Amino acid sequence: MRDGKGASRAPVLRFTNCRILRGRRLLREDLWVREGRILDPEKLFFEERLVADQQRDCGGCLLAPGFIDVQINGGFGVDFSQATEDVGSGVALVAQRILSHGVTSFCPTLVTSPPEVYHKVLPQIPVKSGGPHGAGVLGVHLEGPFISREKRGAHPEAYLRSFEANAFHDVLATYGSLDNVRIVTLAPELGRSHEVIRALTARGICVSLGHSVADLQVAEEAVQSGATFITHLFNAMLPFHHRDPGIVGLLTSDRLPPGRHIFYGMISDGIHTNPAALRIAHRAHPQGERLGRVGEGGRTCGAGLEASSSPGLVLVTDAVPALGLGNGRHTLGQQEVEVDGLTAYVAGTKTLSGSIAPMDVCIRHFLQATGCSVESALEAASLHPAQLLGLEKLKGTLDFGADADFVMLDDSLHVQATYISGELVWQAEEARQ
């Protein structure tokens with residue numbers, strides 16, 4: 001395209017006949033995109049005196065920010081915790097397939113594994129922008145091995161570790177490198193955990209509390225040291241008790257640093273968490289202002305939150321390699337998982353082993369179970385995980401200047417199309433007709 005002076009310029013796309021999730025409200029507005037970013041149409045018209053080069057009729061659909069899954073262990077037969085010869089191709093396959101779920105960015109997650117697995121796998125999962133090839137990789141989520149034996153869940157006991165005298169050296173020796181790591185889940189009751197939390201957050205890595213028997217005081221001290229997330233709230237932690245609510249008590253704790261609060265992941269698959277517990281978690285959304293510290297290279301974790309945004313709850317799939325497959329036996333790291341209907345167990349036990357529900361299913365179940373607004377359900381899978389990772393200026397929002405990563409949904413929140421940088425990367429069969 002050329003401007004009025006004949007100079008070449010990028011085309012402007014205008015999405016019409018839609019409702020846009022922006023500013024916590026569904027607005028009947030058009031969405032304008034250029035060069036992969038969302039435009040302010042007033043500036044475009046009054047300052048540049050331009051109109052759209054292309055228009056796309058959305059047929060009355062809802063446009064929401066692309067979903068962000070910060071805990072997904074694999075899918076479609078791909079196991080991120082398996083040290084295969086070509087880990088990258090497996091990550092790429094999952095990245096491509098989850099576009100149909102509306103996911104535009106994700107954190108590949110590794111469960112507790114021996115050091116040689118981390119050393120081989122982590123260098124093969126670089127941070128990567130999304131596009132027609134698949135959802136973007138925001139960095140790896142390392143769930144373990146520094147977790148509780150009592151609350152290990154599906155994590156193999158043989159590979160669990162504790163922190164020794166030189167705690168952060170132990171972390172580096174175990175993982176090999178933290179270059180591609182975005183989140184680390186650990187149990188805060190482990191000795192020397194607080195120095196590890198401080199060291200990780202100083203590097204811009206989010207620390208999540210999970211698979212833990214920590215009481216509330218220990219959990220509060222971990223947040224004071226820099227932890228900002230809870231891994232799958234209610235699962236793999238002490239149950240709520242009125243005299244010591246444990247990690248769950250962080251949701252309403254009054255002993256966190258001023259202006260700080262905690263994000264909490266929820267597996268809303270209809271299996272892991274009773275609808276009543278989902279309602280409790282939803283209604284306990286803490287108010288937040290600015291959260292987190294700046295790490296090396298300016299990376300932040302959970303920063304930039306306004307008091308009115310009321311973030312907190314983050315929907316995650318915790319999907320296992322059996323996602324998208326049928327009943328039978330599959331792997332999850334060093335263990336076998338058996339899928340029976342909608343449930344995945346550690347083979348031969350009744351221990352839950354992740355989920356097989358895609359993100360769009362989790363959103364619909366959360367909406368139905370809690371009776372929350374459509375806006376709240378969608379933001380739990382988009383805005384809140386972006387805020388957790390300090391990416392809310394670019395991801396999880398349809399504000400002007402943000403990345404044009406968005407999903408087109410019908411009134412029942414079924415995905416009709418997925419866009420990354422304003423480019424169509426997946427479309428439902430019925431939407432093509």
Side-chain angles (χ1 to χ4, degrees), residues 70-71 141 143-144 146-155 183-190 193-194 197 206-257 260-288 291-292 301-302 305 310-318 351-352 354-355 362 365-366 369-372 376-377 380-381 384-385 387-388:
V70 300
Q71 187 176 4
H141 179 168
E143 188 185 2
F146 301 100
I147 59 175
S148 162
R149 294 183 183 275
E150 293 88 339
K151 293 295 180 180
R152 65 183 182 277
H155 292 244
I183 304 173
V184 172
T185 291
L186 56 78
E189 70 272 18
L190 297 180
S193 65
H194 297 296
I197 293 171
C206 292
V207 174
S208 187
L209 310 180
H211 289 278
S212 167
V213 293
D215 60 24
L216 178 56
Q217 180 179 341
V218 169
E220 289 170 334
E221 291 169 352
V223 175
Q224 291 162 7
S225 294
T228 55
F229 194 38
I230 301 172
T231 296
H232 42 55
L233 184 73
F234 298 124
N235 295 113
M237 60 188 62
L238 292 178
F240 180 89
H241 189 280
H242 58 283
R243 280 192 290 275
D244 191 335
I247 289 178
V248 177
L250 289 175
L251 272 63
T252 56
S253 172
D254 61 358
R255 298 192 176 185
L256 304 186
R260 293 275 297 279
H261 79 285
I262 195 80
F263 288 87
Y264 43 102
M266 298 290 297
I267 309 172
S268 176
D269 62 348
I271 303 294
H272 278 78
T273 312
N274 186 279
L278 285 174
R279 289 191 286 273
I280 289 171
H282 166 62
R283 294 170 188 175
H285 275 210
Q287 296 292 328
L291 173 65
C301 181
L305 308 183
S310 185
L313 194 150
V314 175
L315 291 180
V316 300
T317 63
D318 197 20
T351 299
L352 289 176
S355 166
C362 291
H365 178 70
F366 181 72
T370 64
C372 71
S376 292
H384 295 178
Q387 290 171 324
L388 166 69

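Everything numeric in this text was worked out from a predicted model, so none of it was measured. Quick note: residue numbers are just sequence positions, from 1.
Checked against side-chain hydrogen bond (donor to acceptor under 3.5 Å, both in side chains), Ser193 has no partners two or more places apart in sequence or in another chain. Ala236 is linked by a side chain to side chain contact (heavy atoms under 4.5 Å, CB included) to His211, His232, counting only residues two or more places apart in sequence or in another chain. By the side chain to side chain contact (heavy atoms under 4.5 Å, CB included) test, Thr273 is found to be paired with Phe234, Asn235, Met266, Ala277, Leu278, residues two or more places apart in sequence or in another chain being considered.
Scanning both residues, Ser148 and Ala187, for their nearest heavy atoms gives N-CB, 3.8 Å. Here the closest heavy-atom approach between residue Pro385 and residue Val314 is recorded as CB-CG1, 3.8 Å. Shown here for His384 and Gly312, the closest heavy-atom pair between the two residues is ND1-N, 3.8 Å.
Side-chain contact of Glu220 with Gln224: a donor-acceptor pair under 3.5 Å is absent, judged by distance alone. A donor-acceptor pair shorter than 3.5 Å cannot be found between the side chains of Ser355 and Thr317.
Remark: the backbone N or O of Ile147 is not paired with any side-chain donor or acceptor of Arg152 at under 3.5 angstrom. Checking side-chain atoms of Ser268 against main-chain N and O of Phe366 turns up a donor-acceptor pair under 3.5 Å. A donor-acceptor contact shorter than 3.5 Å links the side chain of Glu189 to the backbone of Val213. Remark: side-chain polar atoms of Ser225 are paired, donor with acceptor, to backbone N or O of Glu221 under 3.5 angstrom.
Results of the side chain to side chain contact (heavy atoms under 4.5 Å, CB included) test with Val316 over Asp269, Thr231, Leu233, Val70 single out Val70 as the only residue that passes.
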